[in-house]
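Worksheet for the structure shown next.
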Amino acid sequence: MSTLPLEVLVMLGQTIEKVVPITIGLALVFTLLTHFWACNPAAPWWRKREIVTDVVYWFFVPVFARVFRIGLMVLGAGVVFNIHDADELIAFYDNGHGPLAQLPLWVQGLLFLVLSDLMLYWLHRMFHGGGFWKYHAVHHSSEELEWISAARFHPVNLLIGTISVDVILLMAGISPNIMLWVGPFTTFHSAFVHANLNWTLGPFKYVLAGPVFHRWHHTMAERGGEKNFASTFPVLDLLFGTFYMPKHELPDAYGIADRGFPPSFGAQMLYPFRQ
Ligand SMILES: [Zn+2]
Ligand SMILES: [Zn+2]
């Protein structure tokens with residue numbers, strides 16, 4: 001009998017075990033910070049209308065991403081490098097491979113962040129156009145934008161996004177060991193940019209994406225909704241002409257034009273396929 005269902009169950013347990021303490025930590029940090037520096041007047045995050053939807057995404061996304069990241073890494077090594085043996089596979093990815101893996105680990109980590117941000121910038125712009133928007137609309141559907149809205153992504157958006165970008169860079173040779181600090185950084189940072197905080201980051205607004213920068217991206221298209229595509233480094237938006245942070249003004253209304261967008265997780269999963 002196949003042990004796959006059992007393995008998936010174990011992975012699910014492991015992920016939940018990891019996600020719960022991180023969630024409690026983030027909840028404490030952002031509840032406290034929002035108390036002092038709220039960007040918009042709002043009920044506390046746990047009383048937002050679609051909190052159940054956000055919580056489901058919060059647990060679903062890490063499990064989905066993990067399963068597909070591993071799956072695509074195995075598939076990629078087989079197709080591109082002709083590696084099929086389990087031991088060879090582990091040796092191939094263990095500490096990276098080729099010239100990139102020779103660099104100091106912190107350089108590999110930084111390189112990973114810069115290269116993934118560059119790829120994600122253009123993928124993000126692609127998702128704002130034509131046939132791709134219906135998948136990305138899920139991410140923009142939060143009207144009460146909070147740190148917990150960060151995980152709201154359709155699986156198609158994840159696959160042609162963070163998951164494939166991660167796999168490409170790990171296949172290129174960057175050591176997975178960088179995830180030890182890149183992982184916690186991206187988790188914290190993605191919650192941070194969605195948090196209800198009025199932080200512009202002052203002169204550092206070009207260096208690191210902050211809450212005001214990304215909250216502008218969640219406003220309507222005619223405001224900041226077609227600007228600020230970078231996940232981590234706003235300098236990309238500066239470079240490609242999409243930087244938007246008007247002085248003395250804070251973003252204040254979020255969501256998408258489609259008033260009939262479904263609020264529940266299940267209906268949002270199906271939404272793109274019904275368009
Ligand atoms: Zn977007
Ligand atoms: Zn967002």
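Read the numbers this way: they start at 1 and go in the same order the structure lists the ligands and their atoms. Keep in mind that the numbers below use all heavy atoms, side chains included, and drop hydrogens, waters and symmetry copies.
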In terms of heavy-atom contacts, does CG of L238 have more than 12 from other residues, nucleotides or ligands at under 6.0 Å?
-> yes
State, to the nearest 10 degrees, the angle whose vertex is the Zn ion (ligand 1) and whose arms point to NE2 of H124 and NE2 of H217.
-> 80°
Check: H218 ring centre within less than 6.0 Å of H140 ring centre = yes
With the Zn ion (ligand 2) at the centre, find the angle made by NE2 from H214 and NE2 from H139, to 10°.
-> 150°
Pair T53, R152: side-chain N/O donor-acceptor within cut-off below 3.5 Å = no
By atom name, which N, O or S atom of H194 is the nearest to the Zn ion (ligand 2)?
-> NE2
Give the name of the N/O/S atom in H128 that lies closest to the Zn ion (ligand 1).
-> NE2
Less than 6.0 Å separating the ring centroids of H217 and H139?
-> no
Test of ring centre spacing under 6.0 Å for Y206 and F243 | yes
What's the NE2-the Zn ion (ligand 1)-NE2 angle here (H136, H140), rounded to 10 degrees?
-> 90°
From H218, does some N, O or S atom reach closer than 2.8 Å to the Zn ion (ligand 1)?
-> no
